[in-house]
Amino acid sequence: MCGIVGYVGFRSATEFLLEGLRRLEYRGYDSAGIAVQKNGEIGIRKRKGRVEELCRLVAANPIDGTSGIGHTRWATHGETTDLNSHPHVGGNGEVVIVHNGVIENYAKLKTHLQTLGYVFRTTTDSEVIAHMICHQWLQQIKLGADPDSSSSCLKAIEASLDKFKGTYGIGVMFREFPNLLIAARVGSPLVIGVGEGEYFLASDASPLVGCTEEIIYLSDNELAVLRPEGMELHHRDTGQRKPSIHVLDQVTNELDLGSYEHYMLKEIFEQPESLENCMRGRIDDDAATAKFGGLDFDPQQLRQVDRVVLTACGTSWHAGLVGEYLLEEFARIPTEVEYASELRYRNPPMTQNTMVFAITQSGETADTLAAMRECQRKGHQSLAICNVVGSTIARESDGGIYLHAGPEIGVASTKAFTSQVTALTLLAIYFGRMRHLSYPAGKRMLNQLREMPSVIERTLKCHEQVQAVADKYHGFDNFLYLGRLYNFPAALEGALKLKEISYIHAEGYPAAEMKHGPIALVDERTPSVFVVPKGGIYPKVMSNLEEVKARRGPVIAIACEGDRRVQEMADDVIYVPDVEEFLQPMVTSVPLQLLAYHIALLRGCNVDRPRNLAKSVTVE
Ligand code: AGP
């Protein structure tokens with residue numbers, strides 16, 4: 001889960017590479033580097049730390065040319081040091097590469113290359129790619145390949161790829177062939193931007209916004225040979241293929257911070273709009289149901305679905321848990337939400353008519369992709385609930401639902417979560433209306449759902465209350481997040497948000513489960529965040545809250561406007577609008593996102609780029 005960029009053409013490669021890395025920095029920010037080709041030499045600048053550090057290095061020691069590659073790193077093998085930063089050099093500088101992924105058999109290959117005399121300068125797995133390609137290229141020349149023909153480069157890369165086990169998206173340059181850039185992928189995404197007399201390469205489309213509107217998604221086992229005068233695509237099994245060009249329809253201002261200090265805050269405040277976009281065109285008032293262009297099945301087929309498996313990681317898994325509750329309650333379909341990292345290696349019994357949904361913001365999460373592929377291999381219809389258009393999961397799934405939430409840049413997922421819950425709510429109504437859900441019930445649910453953008457707009461007014469609460473509690477080092485039924489996933493999500501951006505230990509728990517263990521943690525130094533809006537089991541959650549108070553635990557409650565009882569019991573209350581229980585996680589998660597944001601800010605943490613994390617986890 002690193003970000004890679006590349007360029008061949010006529011403009012300043014350095015400018016494109018640095019701007020591209022800024023846009024890809026969410027994928028990893030342990031270090032950054034570029035390699036640019038000029039006058040038969042490849043100049044490299046790389047440094048530990050953020051892309052801004054690299055920009056300072058380049059400003060102090062400029063390089064430029066019209067072809068190059070760049071990388072922003074999330075370390076998997078080898079510490080975060082200047083030396084371990086990409087690009088990596090093969091042989092004596094004949095080859096330079098950038099890599100996103102993991103070469104699982106690197107140790108064996110490294111030993112072999114060392115015995116051949118190759119000197120390793122880093123402790124990364126990626127360096128083996130550079131030396132191996134160099135070795136294979138020198139072999140080609142030795143065997144009589146024309147040293148002036150770049151076909152030897154392609155052959156050398158193909159021969160090297162045969163030796164690698166693992167995942168990779170790579171960009172490769174050869175010192176002897178200026179204006180040649182070769183890319184290849186297995187398991188790690190790569191997109192090619194097509195220009196007039198120029199080509200761009202990137203891990204996702206964001207660096208290409210503003211440069212070109214024509215893009216090509218590279219598939220697994222494909223190589224792209226890019227030169228200013230043209231490109232070729234080669235599939236390693238089937239040979240050359242004709243590129244299918246997609247139109248890039250993002251607009252640059254979606255990537256701008258506007259008046260916000262951080263992407264996370266911007267994205268929290270975008271939720272009324274992202275929910276609106278998720279619902280647009282998906283409500284069928286006449287039939288009191290939902291409709292989805294991407295679920296291309298006839299009603300008979302859908303009626304036969306007797307089990308649903310939702311698979312995801314992290315925040316998307318939390319949305320999946322809401323989905324499980326919704327599908328079971330309203331569609332009466334037995335549903336299981338599975339951690340993708342477990343499901344990919346588990347073998348749970350699945351009926352013939354089990355339908356699988358992979359839930360993912362990025363569409364690139366390695367575990368989710370692997371779990372989906374495993375389900376497809378077993379013959380199950382596998383669909384995606386995904387935000388990033390054209391991502392690997394979106395393309396490989398058998399259909400699905402796009403979230404249309406717009407780019408989510410902050411590493412902590414916010415608007416994608418509420419959009420995933422919205423999509424799952426529509427899905428539950430859709431399946432429900434094919435089964436037991438009546439027309440009036442479907443109508444009522446849709447009308448309530450339709451109100452959510454304005455409800456979230458009102459919810460965001462709690463911002464100041466949240467700031468005051470954050471001010472009071474930001475010094476605490478342990479938190480419990482407690483909720484029941486639909487608010488249990490919200491509690492889990494609130495705890496994850498706090499953990500990932502403020503580095504505070506936080507546990508999400510079903511409120512009543514707390515007494516079976518975690519209650520032992522309760523004392524004056526462990527605040528509990530109770531998600532306790534009005535609903536059928538409100539009195540029960542209030543009893544759980546009292547149990548905490550009885551043990552002198554500070555309580556922050558997320559409660560419905562006008563709830564006086566909670567005010568008497570809790571130390572602090574954040575009020576949110578009162579909505580039906582099935583819609584509560586969308587509402588209650590908003591103050592929890594803001595709480596994590598403000599606590600992290602007060603603790604001096606980098607909210608958009610928390611340590612050790614990356615936006616999309618494309619390694620296992
Ligand atoms: C969310 O805040 C996290 N950064 C993380 O848990 C994330 O949700 C998870 O990695 C799954 O990502 P995906 O939705 O892109 O598949």
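What you see is a predicted model; the values in this text were computed from it and never measured. Start at 1 with the first residue, then count along the sequence.
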Okay, side chain of [X], backbone of [Y]: is any donor-acceptor separation there less than 3.5 Å?
X	Y	result
S188	N100	yes
R484	I537	no
K497	S413	yes
S543	P539	yes
Q465	Y575	yes
E451	Q448	no
E493	S589	no
D571	V555	yes
K415	F269	no
R307	M350	no

What is the distance from atom [atom1] of [X] to atom [atom2] of [Y], rounded to the nearest 0.5 Å?
X	Y	atom1	atom2	result
L321	L326	CG	CG	10.0 Å
Y473	L595	OH	CG	10.0 Å
L208	E214	CG	CD	12.0 Å
R565	L545	CZ	CG	8.5 Å
Y503	I599	OH	CD1	14.0 Å
T414	E408	OG1	CD	4.5 Å

Crowding at [atom1], [X] (>12 non-hydrogen neighbours, <6.0 Å):
X	atom1	result
K534	NZ	yes
R458	CZ	yes
R435	CZ	yes

Are [X] and [Y] packed together at the side-chain level, in the sense that at least one heavy-atom pair is separated by less than 4.5 angstrom?
X	Y	value
I519	R551	yes
C386	S391	yes
F431	L437	no
P334	T351	no
M586	L449	yes
V305	F297	no
V548	L480	no
K443	P440	no

Pairing of D285 and R450 as salt bridge, 4.0 angstrom limit: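 Here D285 pairs with R450 in a salt bridge, since their nearest N and O are under 4.0 Å apart.
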
If you measure from the Lys or Arg side-chain nitrogens to the Asp or Glu carboxylate oxygens, is any gap between E374 and R377 under 4.0 Å?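 Counted as a salt bridge, because a side-chain N and a carboxylate O are separated by less than 4.0 Å.
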
Do you see a donor-acceptor pair shorter than 3.5 Å between the side chains of [X] and [Y]?
X	Y	result
Q304	N353	no
E270	Y260	no
R280	N277	yes

What pair of heavy atoms forms the shortest contact from [X] to [Y], and how long is it?
X	Y	result
I504	N478	CG2-N, 4.1 Å
L403	Q420	CD1-CG, 3.6 Å
Y430	L302	OH-CD1, 3.2 Å
T335	I333	OG1-O, 2.8 Å
K291	G281	CE-O, 3.2 Å
A290	I429	N-CG2, 4.5 Å

Could I get the full list of ring-ring contact (aromatic ring centres under 6.0 Å, His included) partners for F488, not counting sequence neighbours?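 For F488 there are no ring-ring contact (aromatic ring centres under 6.0 Å, His included) partners, ignoring immediate neighbours.
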
I'd like to know whether M514 forms a side chain to side chain contact (heavy atoms under 4.5 Å, CB included) with E547, so could you lay out the CA-CA distance, the side-chain angles of the two residues, the decisive distance to 0.1 Å, and finally the verdict. CA-CA 10 Å; M514 170 200 63; E547 287 155 16; 3.7 Å; yes

Once the angle between the rings of F582 and F330 is folded into 0 to 90°, is it parallel (under 30°), tilted (30 to 60°) or perpendicular (over 60°)?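 Perpendicular.
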
Between Y402 and H404, what is the ring plane arrangement, given parallel below 30°, perpendicular above 60°, and tilted in between?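 Tilted.
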
Can R373 and D220 be said to form a salt bridge (Lys or Arg N to Asp or Glu O under 4.0 Å), step by step? CA-CA 13 Å; R373 284 178 177 163; D220 274 353; 2.9 Å; yes

Determine whether H598 and H463 satisfy the following criterion, ring pair (Phe, Tyr, Trp, His ring centres under 6.0 Å), listing intermediate values before the conclusion. CA-CA 10 Å; H598 283 291; H463 194 188; 4.8 Å; yes

Between H318 and F417 (judged by ring centroids, cut-off 6.0 Å), do the two rings come close enough to count as a pair?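 No, the ring centres sit 6.0 Å or more apart.
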
Taking only residues two or more places apart in sequence or in another chain, which ones pass side chain to side chain contact (heavy atoms under 4.5 Å, CB included) with E338?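 Listed in chain order: V309, T311, E336, L343, R346, P348.
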
Using side chain to side chain donor-acceptor pair (under 3.5 Å), reason through Q271 and Q593 one step at a time and then give a plain yes or no. CA-CA 11 Å; Q271 290 178 105; Q593 296 166 348; 2.8 Å; yes

Dump the intermediate steps for side chain to side chain contact (heavy atoms under 4.5 Å, CB included) on D608 and I409, then the final yes or no. CA-CA 8 Å; D608 280 340; I409 310 289; over 6 Å; no

Full working for side chain to side chain contact (heavy atoms under 4.5 Å, CB included) between V529 and L482: CA-CA 6 Å; V529 180; L482 304 161; over 6 Å; no

Steps toward side chain to side chain contact (heavy atoms under 4.5 Å, CB included) verdict (H262, L601): CA-CA 10 Å; H262 297 101; L601 215 59; 3.3 Å; yes

